Participant: 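After the structure tokens below, expect a handful of questions from me.
The shown structure was predicted, so the numbers you read here are calculated from the model rather than taken from an experiment. For this chain, numbers begin at 1 and follow the sequence in order.
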Amino acid sequence: MADMSAFRDAVGDWANGGPGGPTGELAERLGVRTAVLLEGPSDLAAVEALAARRGRDLAAEGVCVVSMGGAMSIARYAGLLGPPGLGLRLAGLCDEREQGFYERGLERAGAPHRDFSVCVTDLEDELIRALGTERVEEVVRAEGDLRAWQTFLGQPAQHGRPQGQKLRRFLGTKKGRKIRYGRLLVEALRPEQVPAPLDDLLMGL
């Protein structure tokens, strides 16, 4: 039986030039009504982790969370999944520096901007600021990454940088680390610490 991951894969194939027919068929079969457009897989991991913490089954609600592989893909994905394509409701996250680019891409697709939440720098930065650097370092230690973190801190390029910036950079230094910590940092949050952009997105779905 097809599941939401099959739909997500079909969307990716379609966005890369494949046929759109299978995507539309899966959307109808699965009852997809909303596509959450995110820049990358670490954002996807964070959104799905928060949904799970709140006892929500997004797939059962007809919500598919999609990693676009970069902010520059917003116009293409909005066109395929929004009003010009499958006609799904679109929601998501964007970074403040890319907000204008998102707005133009959504406008071209005839999709409203209101369901997109804006992070000041990016979602990793929002999570680090929400938790505080000491708590993030505790998570790093608990995951067995303390030695790698200490080695990273010894690099000359990191001297003088604020601790939050160092942590954000560290998360992106190894393949898969941002994805893993996207989930872990959300799981470490107290309910009142959830960053506003992430909370607003989930509340609006």
Side-chain angles (χ1 to χ4, degrees), residues 1-52 56-119 122-124 171-183 186 197-198 200-202 204-205:
M1 180 178 177
D3 60 14
M4 201 61 81
S5 63
F7 175 73
R8 189 154 49 203
D9 290 343
V11 169
D13 290 342
W14 190 17
N16 288 316
T23 313
E25 292 169 7
L26 280 169
E28 185 173 353
R29 192 185 316 165
L30 296 169
V32 183
R33 60 175 182 82
T34 300
V36 179
L37 303 181
L38 302 171
E39 182 175 343
S42 61
D43 297 340
L44 187 152
V47 169
E48 290 193 333
L50 183 59
R56 294 184 60 179
D57 183 343
L58 295 181
E61 296 175 23
V63 177
C64 183
V65 186
V66 177
S67 169
M68 300 184 295
M72 299 304 166
S73 298
I74 182 63
R76 182 164 75 255
Y77 276 81
L80 295 177
L81 300 178
L86 297 186
L88 303 179
R89 176 194 171 206
L90 303 180
L93 290 172
C94 72
D95 302 340
E96 192 175 72
R97 66 182 177 275
E98 292 155 350
Q99 187 174 4
F101 188 78
Y102 269 66
E103 288 176 352
R104 290 189 295 274
L106 292 167
E107 187 172 345
R108 286 199 297 272
H113 316 154
R114 64 178 178 270
D115 294 324
F116 281 74
S117 299
V118 180
C119 300
D122 56 24
L123 185 53
E124 285 79 23
L171 298 184
T173 56
K174 182 180 178 181
K175 185 177 181 180
R177 184 179 281 156
K178 275 180 71 172
I179 300 171
R180 181 159 56 98
Y181 278 91
R183 173 181 57 82
V186 166
L198 189 56
D200 291 346
L201 174 64
L202 263 291
L205 295 178

Participant: Check the pair D200 / L198 against side chain to side chain contact (heavy atoms under 4.5 Å, CB included), numbers first and verdict last.
Facilitator: CA-CA 5 Å; D200 291 346; L198 189 56; over 6 Å; no
Participant: Identify the two heavy atoms, one from L201 and one from A91, that lie closest to each other, and give their separation to 0.1 Å.
Facilitator: CD1-CB, 4.0 Å
Participant: Without swapping roles, check the side chain of D95 against the backbone of E98 for a donor-acceptor pair under 3.5 Å.
Facilitator: no
Participant: So P197 and L93, do their side chains get closer than 4.5 Å, heavy atoms only?
Facilitator: yes
Participant: So T34 and L205, do their side chains get closer than 4.5 Å, heavy atoms only?
Facilitator: yes
Participant: Start with the C-alpha gap between M4 and V32, add the side-chain angles, then the distance that decides, and say whether side chain to side chain contact (heavy atoms under 4.5 Å, CB included) holds.
Facilitator: CA-CA 9 Å; M4 201 61 81; V32 183; 3.8 Å; yes
Participant: Would you say T23's side chain and A10's backbone share a donor-acceptor pair under 3.5 angstrom?
Facilitator: yes
Participant: Report yes if the side chains of W14 and L86 come closer than 4.5 Å at any heavy-atom pair, otherwise no.
Facilitator: yes
Participant: To the closest 0.5 Å, what do you measure between NZ (K178) and NZ (K174)?
Facilitator: 16.0 Å
Participant: With side chain to side chain contact (heavy atoms under 4.5 Å, CB included) as the criterion, how do F116 and L37 come out once you've worked through the C-alpha distance, each side chain's angles and the decisive distance to 0.1 Å?
Facilitator: CA-CA 9 Å; F116 281 74; L37 303 181; 4.3 Å; yes
Participant: Taking the side chain as every heavy atom from C-beta outward, state whether L80 and V11 have any pair of such atoms under 4.5 Å apart.
Facilitator: no
Participant: Less than 4.5 Å apart, side chain to side chain, heavy atoms only: is that true for R56 and L202?
Facilitator: yes
Participant: Taking the side chain as every heavy atom from C-beta outward, state whether D115 and L90 have any pair of such atoms under 4.5 Å apart.
Facilitator: no
Participant: For the pair E48 and R8, find out whether any cationic side-chain nitrogen is under 4.0 Å from an anionic carboxylate oxygen.
Facilitator: yes
Participant: For the atom pair CE (M68) and CG (L44), what is the distance rounded to the nearest 0.5 Å?
Facilitator: 11.0 Å
Participant: Please report the shortest heavy-atom distance between F7 and A27, naming the atom on each side.
Facilitator: CE1-CB, 3.6 Å
Participant: Count the heavy atoms belonging to other residues, nucleotides or ligands that lie under 6.0 Å from CD of E103, then report whether that count exceeds 12.
Facilitator: yes
Participant: In terms of side-chain heavy atoms, does E124 have a donor or acceptor partner in S42 at a distance below 3.5 Å?
Facilitator: yes
Participant: Just so I know, are the side chains of L38 and V47 near enough to count as touching, which here means a heavy-atom distance under 4.5 Å?
Facilitator: yes
Participant: Test side chain to side chain contact (heavy atoms under 4.5 Å, CB included) on Q99 and H113; report intermediate values, then the result.
Facilitator: CA-CA 10 Å; Q99 187 174 4; H113 316 154; over 6 Å; no
Participant: How far apart are the closest heavy atoms of A78 and P84, and which atoms are they?
Facilitator: O-CD, 4.1 Å
Participant: Roughly how far, to the nearest 0.5 Å, is OH of Y102 from CE of M72?
Facilitator: 9.0 Å
Participant: Side chain of R76, backbone of N16: donor and acceptor closer than 3.5 Å?
Facilitator: no
Participant: Which pair of heavy atoms, one from A6 and one from L26, lies closest together, and at what distance?
Facilitator: O-CD1, 3.7 Å
Participant: Contact between E39 and L123 at the side-chain level, heavy atoms closer than 4.5 Å - yes or no?
Facilitator: no
